Participant: 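One structure, pasted below without further comment.
As a basis for the values below, the full set of heavy atoms in this structure was taken, side chains included, without hydrogen atoms, waters or symmetry mates. Please read these numbers as outputs of a predicted model, since none were measured by experiment.
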Amino acid sequence: MTERQVAPTAPELVIQTDTGSTVMSPGREYHVGRDPLSDIVLDDDRVSWHHAVLRPAVDHWTIEDDNSTNGTYADGHRVHEWVVGPGSVIHFGSPSDGPRAVLTGPVPERPSGVFSPASTGTFRQPTSVRPLPERTVRVGRGSDNDLVIDDLVVSRHHAELRARPDGTYEIVDLGSHNGTYLNGLPVDRARITQGDIVGIGHSAFCLVGDQLQEYVDTGEISLDVQELVVAVDRGRKTLLDKVTFPVGEKCLLAVVGPSGAGKSTLLNALTGQRPADTGTVLYDGRDLYHDYAELRQRIGLVPQDDILHTQLTVRRALTYAAELRFPQDTAKAERRARVDEVIRGLGLGQRARQPIHSLSGGQRKRVSVALELLTKPSLLFLDEPTSGLDPGMDRSVMHMLRGLADDGRTVVVVTHSVLSLDVCDRLLVLAPGGKTAYYGPPDDALAFFGFEQWPEAFEAFDRDGYRDWAGEYRDSPFHGHYVEASMDRPYLPGAAPVAAEPPPRPPKPQSWGAQLGTLVRRYAAALSADRVFLAIMIALPFVMGGLARALAGSELDRETALNTLLILCVGGVLTGAANAVRELVKERVIYQRERAVGLSRSAYLMSKIVVLGTVTILQAVVLTLVALLGVDLNAPDGEGVLMPPLVEITVAVALLAFTAMMLGLLISALVRKEEVTMPLLVLLAIVQVVFCGALLDVEGVPGLEQLTWLVPSRWAFAAMAGTIDLGRIMTDRTDPLFGHSSGVWLLDVGMLVVLSVVCGWAVARLLRRHEPAVMRK
């Protein structure tokens, strides 16, 4: 769509449609059509892709039909070119009930706020305008509020707008789960003045004169990326180099480029996962980094890997996700209705009861997208959604994204595939070094580079390292038309640059206890659905207990006591560590995404401890009872130190298994790949066996004795040895930790508790490494 330069003598007008209002300045033309990149977008099948053009002339405006199929109508007649002005009513596609546009005179300039003009010139008309209250107004989702917001991310009783005696107003959060925001920052109570923006869910409220104006984010927003720079190694290596481009409403943007061109870095910068070092990302005119705490609710991110527990069915996985993302006071019926709506919208109705792992790659990607659509994000980012898919499934996924954009959201997809770029509105090509090599329509990209096939272009990026790809693009007409002209608008008033301090951490969507309850139920359901893992968990304590029982015989004596306690140690270590060693690393992508939308780190870790700890302790009890029930433990006078001998040994094995489980979580938090966990599990078991005190007498060996204090099996074996007074049975073992006294036994079991706590603290610190920067508090 080209623009014809004319003398700006026509009056400034406002064109109003059902989707909003556009201020028409006399210095340019305005295109009308179904094309999402039109200046006035009319989403009606009777409207042509490029339907009509509004042109300024001397002292008036004209509308010219652009050879549309169903015609343009003024005063009830089909017209090809017609003079229009204030009061004109135009219909498109049908003279009676086609989409209507009304022209009016100019309106007063908007007050300062967060809604700056979008690239098309459209600005958000208030959804509702009401007089400022003289009393307290309660805002929330419930029908009993004075101001009702029909939005599931809004709490039932969310906040109150209170009039103060001095004539000013304040906003008070009522303990909402997704927070109340003033100019993008979370607040509990704050005074508001003219022009301030109060954000609640997808709605924003602004005090303008004697009015309270509400603006609702319906999804049709723009994204402006300005001069983004990301550098590492103290600035010696640049990953993104002044990347600038606009993304219009309902736009599907594809980002391609060779490996190492900065695509993932750009994705992290655009989503706030890792903010750029310099530059600005404007979400409909709002600084994303400054207002991230509020705007993060409106951003969906689908990583390359699945972000759902694949053992669960589609409906069950989405139901748990809805529990975590919606406020605690959301009714079960409300969550279920939203889940059903998303399932229907993405064509997953026939797969709703099917386990996710049994779906095809394209269907699993749809489920990941469905999870993000639960909260109705206006911006949706996808990282390599077609990776590993066949060409047919590749195209199916891209057409799904095309439909999501047409439904009223901005979609950005990072991809290596070039098979379906034709369905995108815009294409961004990054060259090595994070430079913009091209931004514009996909169909013109190869011609711009001078190649016929994409592989040739990618080879040139690697081969011609000397070539200034970014400079060539800046000097081209494409840059002037698709970047400079589309971004020719100011920053919004008072918009902050990239914050020097980290933005405030977003509040949690649920209370800690509610999150823990949901996570425990979800994790237990996922474990119980994994039949192989379940079978191993059940069989392992019986196998290890049977081995110990075979060694113990009917009585623990000098020949059997040492080996029996050793087998119990090995069994406790294996059951605990094997349960946990994979659990964090295999869910890392899920954790990162949920953490970004408000998941509590401690609730997540505690859910693992509660579920795995319960399973592990039950296994330890079974292991001990299978091994020793009915066996004469040969304890002094038949008594333990503080409790019956079998009970004390069971406690020691259970604590050992629990501590080994915590060590398994520590390993899982340390490693980067799941494949590494099994060799480390074997190494852990060997260390526990060697240094438990059964094979080596480490008492009095400098360094080695102190090192064994960090080995859980050392303390568990000592506690069991103390219960049966192993030194009495085997006079050559004089380890003081084997003493048959309450002080020694409590020290042994107490050290197991201490080691468990230390491991838990270390795991929490390690989890922090894998979180978005904004959440690392």
Side-chain angles (χ1 to χ4, degrees), residues 1-6 10 13-57 61-74 77-84 88-95 97-103 117-122 220 222 246-254 399 402-403 405-411 421-427 439-445 447 477-478 480-483 485-486 488:
M1 294 182 289
T2 59
E3 296 177 7
R4 187 173 65 192
Q5 299 298 320
V6 296
L13 295 180
V14 175
I15 181 169
Q16 296 181 341
T17 66
D18 291 339
T19 58
S21 302
T22 301
V23 178
M24 299 197 307
S25 300
R28 54 167 297 199
E29 301 171 347
Y30 290 83
H31 294 258
V32 183
R34 280 193 298 112
D35 184 353
L37 300 179
S38 297
D39 299 300
I40 296 98
V41 181
L42 300 175
D43 190 10
D44 190 293
D45 291 339
R46 294 168 294 181
V47 176
S48 297
W49 194 253
H50 299 146
H51 195 104
V53 183
L54 286 154
R55 292 193 171 100
W61 287 79
T62 63
I63 186 165
E64 180 180 338
D65 187 81
D66 196 6
N67 297 317
S68 66
T69 302
N70 295 315
T72 302
Y73 300 85
H77 303 284
R78 183 164 183 167
V79 297
H80 176 68
E81 187 171 0
W82 195 259
V83 175
V84 294
S88 295
V89 179
I90 308 166
H91 285 85
F92 302 91
S94 171
D97 60 350
R100 187 182 71 160
V102 179
L103 297 177
S119 58
T120 61
T122 302
E220 297 182 10
S222 62
V247 187
E249 301 173 4
K250 293 186 173 181
C251 180
L252 174 57
L253 166 68
H399 275 281
R402 173 73 269 167
D406 292 340
D407 285 343
R409 61 181 57 84
T410 300
V411 181
L421 296 181
D422 57 302
V423 305
C424 301
D425 299 302
R426 291 287 183 264
L427 174 65
Y439 180 80
D443 294 342
D444 297 334
F478 287 93
H481 185 72
Y482 293 109
V483 177
S486 298
D488 186 19

Participant: Can you name the residues that form a salt bridge (charged side-chain N to carboxylate O under 4.0 Å, His left out) with D425, not counting sequence neighbours?
Facilitator: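 If we apply the salt bridge (charged side-chain N to carboxylate O under 4.0 Å, His left out) test to D425, skipping adjacent residues, the hits are R402.
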
Participant: Please report the shortest heavy-atom distance between D44 and P99, naming the atom on each side.
Facilitator: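 Closest approach of D44 to P99, heavy atoms only: CB-CG, 3.6 Å.
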
Participant: Output the distance between atom OH (Y30) and atom CG (D39), rounded to the nearest 0.5 Å.
Facilitator: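 Nearest 0.5 Å value for the OH-CG distance: 7.0 Å.
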
Participant: At what distance, to the nearest 0.5 angstrom, does CG of N67 lie from NE2 of H80?
Facilitator: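 NE2 of H80 is found 6.5 Å from CG of N67.
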
Participant: Which atom pair, heavy atoms only, marks the closest approach of R55 to E29?
Facilitator: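 Of all heavy-atom pairs spanning R55 and E29, the closest is NE-OE2, 2.9 Å.
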
Participant: How many angstroms lie between CG in L252 and CZ in R426, if you round to the nearest 0.5 Å?
Facilitator: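 Spacing of CG (L252) from CZ (R426) equals 11.5 Å.
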
Participant: For residues Y482 and P246, report the shortest heavy-atom separation together with the two atoms involved.
Facilitator: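 Looking at all heavy atoms of both residues, the closest pair is O-CG, 3.3 Å.
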
Participant: Would you check if the side chain of T410 reaches a backbone N or O of S222 as a donor-acceptor pair within less than 3.5 Å?
Facilitator: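 Checked: no pair found.
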
Participant: How many angstroms lie between NZ in K250 and CZ in R409, if you round to the nearest 0.5 Å?
Facilitator: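 It comes to 10.5 Å.
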
Participant: Taking the side chain as every heavy atom from C-beta outward, state whether P442 and D422 have any pair of such atoms under 4.5 Å apart.
Facilitator: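 With C-beta onward as the side chain, the pair stays apart.
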
Participant: Which word best sums up how the rings of H51 and F92 line up, parallel for under 30°, tilted for 30 to 60°, or perpendicular for over 60°?
Facilitator: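 H51 and F92: perpendicular rings.
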
Participant: Which residue in the set I40, V41, V53 passes side-chain contact (heavy atoms from CB on, under 4.5 Å) when paired with H31?
Facilitator: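 That would be V53.
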
Participant: Minimum heavy-atom separation for A254 and C424, please, with both atom names.
Facilitator: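 Result for this residue pair: CB-SG, 3.6 Å.
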
Participant: Quick one: pull up CD1 in I90 and CG in D65 and give me the separation to the nearest 0.5 Å.
Facilitator: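 It comes to 11.0 Å.
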
Participant: Any chance you could measure M24, atom CE, to L13, atom CG, to the nearest 0.5 Å?
Facilitator: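 Separation between the atoms: 4.5 Å.
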
Participant: Would a 4.5 Å heavy-atom cut-off, applied to side chains only, mark V423 and H399 as touching?
Facilitator: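 With C-beta onward as the side chain, the pair touches.
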
Participant: Going by the rule salt bridge (charged side-chain N to carboxylate O under 4.0 Å, His left out), which residues pair with D97 if we only count those two or more places apart in sequence or in a different chain?
Facilitator: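 So D97 forms a salt bridge (charged side-chain N to carboxylate O under 4.0 Å, His left out) with R46.
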
Participant: Please check if the side chain of S38 supplies one atom and the backbone of D35 the other of a donor-acceptor pair under 3.5 Å.
Facilitator: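 Between the backbone of D35 and the side chain of S38 there is a qualifying donor-acceptor contact (under 3.5 Å).
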
Participant: Determine whether a donor-acceptor pair (N or O, by modelled atom type, separation under 3.5 Å) exists between the side chain of R34 and the backbone of V47.
Facilitator: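 Pair found, side chain donor or acceptor close to backbone of V47.
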
